[in-house]
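Below you'll find the structure, written out as structure tokens, and then a few comments.
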Amino acid sequence: MKPLKIIFAGTPDYAATVLQALLRDTDFLVQAVITQPDMPAGRGLEVRESAVKKLAKQVGLTIWQPQKVSQIIDQIRELEPDFLVVAAFAQLVPESILKIPALGPINVHGSLLPRYRGAGVIQAPILNGDSQTGITIMLMDKGLDTGPILAQQAIAIAPDETGESLYDKLADAGARLLSPTLKALAQGQIKPQAQDNTKANYVGLVKKEDGLIDWTKPASDIERLVRAMYSWPGAWTWLKGKQIKITAVDPIVLPLNVHQPGKTFIYNNQLAIQCGTDALVIQRLKMEGKGEISGKEFINGHRQQIGQILGQ
RNA sequence: CGCGGGGUAGAGCAGUUGGCAGCUCGCCAGGCCCAUAACCUGGAGGUCGUCGGUUCGAAUCCGACCCCCGCAA
């Protein structure tokens, strides 16, 4: 069959993984890639290219980096694409553009819609203690993640799942599910299913502030926060005016409630912290300007800090 | 030139009025013990990131460079 013409829009690694899958399949012809403009980022504020741009450059694709995607509506129309595939693009795509692709504008979304519409969809299911999440391939409409569903695949959330590990799993699953879905849709084998709006909920973009630990909360909540926020922004707290990231805790909480919430103490030769309900054993942490260390290493080098109250 | 923290023993850290380099853990040997990750005794292990400067003398003061990390994006 004739290759399906695709314009791809996306920005981070997650999107690059999905794009990679399209490039490998000869049934698809990626005509152009739309990604966020290069921005100063990182230490020293060097200008960085998005993961999608790097990949597109490697294979010599046409790259568009509009401030607003509406600025390139004419170029998009000219290519007469069959599909517009959007994955973590970070810009709202206006309806005028959604109408261009012949077979439809497609979104690869990292949750089982209608659950978790919006941005921070990776972290939310871990925070809530869900047993699974997944990938949804859908047709886009003018709403935010409200379009009809084409295909879904569930992914189990492991007990030790982190935001980072789940991010990778979702990217892989999205990449694998996309190709067959596009082909099936092109051949008229899929009937789009409208979402049940009564079951929908929205989550917002994860901010640094979302990782701040409230030690008066139950240990189990904080344990999930640590996993969900890893590795960015990380679950963090204060120690004597300096930030500390808690990068890993023991999933088994200690049924101890004898200290003030936030107080560090030694339990069984391990670093532990009292929470609002129960306590947590800290496995790994990172202090400002320092590398990541284990709880045991913290005890060795910061013995005098044991007994401090965190979060102040 | 965005802001800031850091590179000292295998690991984590302390150590600036410049003067024989320390702590906790680990490691090795021996001891105690029914036994031990517990305890006791002894021991090995460091060109103090690199290069250069000041000095009788530099981990410490000055200059350049390399590497790591946080913020911010």
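The sequence lines fix the lettering, A, B, ..., with proteins before strands; numbering per chain opens at 1. When reading the values below, keep in mind they use all heavy atoms of this one structure, side chains included, and skip hydrogens, waters and symmetry mates.
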Roughly how many Å is it from [atom1] in [X] to [atom2] in [N], rounded to a whole number?
{"X": "A/Arg48", "N": "B/G2", "atom1": "CZ", "atom2": "P", "answer": "13 Å"}
{"X": "A/Asn269", "N": "B/U24", "atom1": "CG", "atom2": "P", "answer": "14 Å"}
{"X": "A/Glu288", "N": "B/G5", "atom1": "CD", "atom2": "P", "answer": "10 Å"}
{"X": "A/Ile246", "N": "B/G70", "atom1": "CD1", "atom2": "P", "answer": "15 Å"}
{"X": "A/Lys242", "N": "B/C69", "atom1": "NZ", "atom2": "C1'", "answer": "12 Å"}

Given the [atom1] atoms of [N] and [M], what is the spacing between them in whole Å?
{"N": "B/G7", "M": "B/C62", "atom1": "P", "value": "16 Å"}
{"N": "B/A59", "M": "B/G18", "atom1": "C1'", "value": "10 Å"}
{"N": "B/C27", "M": "B/C3", "atom1": "C1'", "value": "42 Å"}
{"N": "B/A21", "M": "B/A58", "atom1": "C1'", "value": "13 Å"}
{"N": "B/C68", "M": "B/A29", "atom1": "P", "value": "38 Å"}
{"N": "B/U50", "M": "B/G42", "atom1": "C1'", "value": "37 Å"}
{"N": "B/C40", "M": "B/G46", "atom1": "P", "value": "26 Å"}
{"N": "B/U36", "M": "B/G6", "atom1": "P", "value": "44 Å"}

Any luck finding a side-chain donor-acceptor pair between A/Thr133 and A/Ser111 under 3.5 Å?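 Side chains of A/Thr133 and A/Ser111: no pair found under 3.5 Å.
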
Is it true that the side chains of A/Thr136 and A/Gln152 contain a donor and an acceptor less than 3.5 Å apart?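 Their side chains do contain a donor-acceptor pair, which is all the 3.5 Å distance test asks for.
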
More than 12 heavy atoms from other groups under 6.0 Å of CD on A/Glu209: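 Incorrect, the count does not exceed 12.
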
Whether over 12 other heavy atoms sit under 6.0 Å from A/Lys208 NZ: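 Atom NZ in A/Lys208 is crowded, with more than 12 foreign heavy atoms closer than 6.0 Å.
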
Please, which pairs that meet salt bridge (charged side-chain N to carboxylate O under 4.0 Å, His left out) have at least one residue in residues 96-118 of chain A, sequence neighbours excluded?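 Pairs touching residues 96-118 of chain A that pass the test: none.
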
Using the salt bridge (charged side-chain N to carboxylate O under 4.0 Å, His left out) rule, collect all pairs that involve residues 285-296 of chain A, keeping only residues at least two apart or in two chains.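 Checked against salt bridge (charged side-chain N to carboxylate O under 4.0 Å, His left out) - neighbours excluded - the pairs reaching residues 285-296 of chain A are A/Arg284-A/Glu292.
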
Scan every strand shown for a Watson-Crick or G-U wobble partner of [N], both distances under 3.5 Å, and answer none if you come up empty.
{"N": "B/G30", "answer": "B/C40"}
{"N": "B/C51", "answer": "B/G63"}
{"N": "B/C20", "answer": "none"}
{"N": "B/G70", "answer": "B/C3"}

Please report, to 0.1 Å, the donor-acceptor pairs under 3.5 Å made by any side chain of residues 81-98 of chain A, with sequence neighbours excluded.
residue, atom, partner, partner atom, Å
A/Asp82, OD2, A/Lys5, N, 2.8
A/Gln91, OE1, A/Val69, N, 3.0
A/Gln91, NE2, A/Gln36, OE1, 2.5
A/Gln91, NE2, A/Pro66, O, 3.3
A/Gln91, NE2, A/Gln67, O, 3.3

Summarise protein proximity over nucleotides 8-13 of chain B in one line of letters, 5' to 3': B for base, S for sugar-phosphate only, - for none, counting protein heavy atoms closer than 4.0 Å. ---SBS

Using atom names, set out every protein N or O paired with an N or O of nucleotides 71-73 of chain B below 3.5 Å, distance rounded to 0.1 Å.
residue, atom, partner, partner atom, Å
B/C71, OP1, A/Lys208, NZ, 2.5
B/A72, N1, A/Gly42, N, 3.1
B/A72, N1, A/Gly42, O, 3.3
B/A73, O2', A/Pro40, O, 2.9

Just do the side chain to side chain donor-acceptor pair (under 3.5 Å) check on A/Asp172 and A/Tyr167 with the steps written out, would you? CA-CA 9 Å; A/Asp172 285 341; A/Tyr167 183 92; over 6 Å; no

Polar side-chain atom of A/Gln153 near backbone of A/Leu177 as donor-acceptor pair, under 3.5 Å: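 Not confirmed, A/Gln153 side chain does not pair with A/Leu177 backbone.
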
For residues 298-311 of chain A, tabulate all N or O donor-acceptor pairs below 3.5 Å that involve a side-chain atom, not counting sequence neighbours.
none

